[in-house]
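First the structure, in the form of structure tokens, and then the observations on it.
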Amino acid sequence: MEAYTKQVISIIQKIPLGTVATYGQIARLAGNPRAARQVARILHSMSQKYDLPWHRVVNAKGEIVIGDPETAIEQKYRLAEEGVEFFRQNKVKLVTFQWQPEELCLSAESSDLD
DNA sequence: CCGATGACCACCC
DNA sequence: CGGGTGGCCATCG
């Protein structure tokens, strides 16, 4: 398996319960800012083989963009179960629920913060 | 090899 | 906020 794919999977598994991440966000964390679509494809194909919280991933606008209506409904249902609220029909409140991966960002600054 | 496709994204109006 | 447009890039037939 490609390293990039592993990276994507590992990142998705770190998304905390009750929060959401965007495809582009994951692509950036994995090191390929332009690979949002590929992240989506990986999610689509791997979520069944691996145990991924695929429902915690939405597009940059916070919308559920899954093609298959049944799957989209399931995603919405699962997010609701975790306490994630919806804006309109299929939009989540990104400002409130988007994942802030601080664990992965620190080490950049800090040091002499105090 | 090439064109079409897609669980995307940024931009513009 | 919503809808259209061009760009991206791996997969597929």
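So you know, we letter chains A, B, ... as the sequences are listed, proteins then strands, and number each from 1. Keep in mind that this is a model prediction, so the values were computed, not measured. Worth knowing before you read on, the calculation uses all heavy atoms, side chains too, and leaves out hydrogens, waters and symmetry mates.
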Between [atom2] of [N] and [atom1] of [X], the distance in whole Å:
X: A:Arg28; N: C:dC9; atom1: CZ; atom2: C1'; value: 17 Å
X: A:Met46; N: B:dA7; atom1: CE; atom2: P; value: 16 Å
X: A:Asn32; N: C:dC9; atom1: CG; atom2: P; value: 9 Å
X: A:Ile15; N: B:dA7; atom1: CD1; atom2: C1'; value: 13 Å
X: A:Ile64; N: B:dC8; atom1: CD1; atom2: P; value: 12 Å
X: A:Ile42; N: B:dG6; atom1: CD1; atom2: P; value: 18 Å
X: A:Tyr4; N: C:dC9; atom1: OH; atom2: P; value: 11 Å
X: A:Gln48; N: B:dA7; atom1: CD; atom2: C1'; value: 12 Å

Is there a donor-acceptor pair closer than 3.5 Å between any side-chain N or O of [X] and the backbone N or O of [Y]?
X: A:Gln25; Y: A:Thr22; value: yes
X: A:Asn59; Y: A:Gly62; value: yes
X: A:Lys76; Y: A:Gln89; value: yes

**OP:** Please determine if A:Glu63 and A:Arg88 form a salt bridge, counting it only when a charged side-chain N lies under 4.0 Å from a carboxylate O.
**Re:**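 Here A:Glu63 does not pair with A:Arg88 in a salt bridge, since their nearest N and O are not under 4.0 Å apart.
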**OP:** Mark yes when over 12 heavy atoms from residues, nucleotides or ligands other than A:Asp68 sit less than 6.0 Å from its CG; otherwise mark no.
**Re:**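 It does: A:Asp68 CG has more than 12 such atoms within range.
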Subject >> A:Arg34, CZ atom: more than 12 neighbouring heavy atoms under 6.0 Å >> reply: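 No, because the 6.0 Å sphere around CZ of A:Arg34 holds 12 heavy atoms or fewer from other groups.
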Original post:
Taking N and O atoms by type only, does the side chain of A:Arg37 place a donor or acceptor under 3.5 Å from a partner on the base of B:dC8?
Top reply: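 Checked by distance alone, the answer is yes.
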Nucleotide N/O of nucleotides 10-13 of chain C paired with protein N/O under 3.5 Å:
| from | atom 1 | to | atom 2 | distance (Å) |
| --- | --- | --- | --- | --- |
| C:dT11 | OP1 | A:Arg41 | NH2 | 3.2 |

**OP:** Could you identify which residues of residues 65-90 of chain A place a heavy atom less than 4.0 Å from some atom of DNA chain C, listed by residue number, or say none?
**Re:**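 Within residues 65-90 of chain A, the residues near DNA chain C are A:Phe87, A:Arg88.
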Original post:
In terms of side-chain heavy atoms, does A:Ser10 have a donor or acceptor partner in A:Lys6 at a distance below 3.5 Å?
Top reply: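 Not at all, the side chains of A:Ser10 and A:Lys6 share no donor-acceptor pair under 3.5 Å.
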Original post:
Which residue lies toward the 5' end of DNA chain C, A:Lys61 or A:Arg34, if each is placed at its nearest nucleotide?
Top reply: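 Closer to the 5' end of DNA chain C: A:Lys61.
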Original post:
Any side-chain heavy atom of A:Tyr23 within less than 4.5 Å of one from A:Val57?
Top reply: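 Yes, side chains in contact.
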**OP:** Work out which heavy atom in A:Tyr4 is nearest to a heavy atom in A:Ala35; give both atom names and the distance.
**Re:**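 Nearest heavy atoms, A:Tyr4 then A:Ala35: OH-CB, 3.2 Å.
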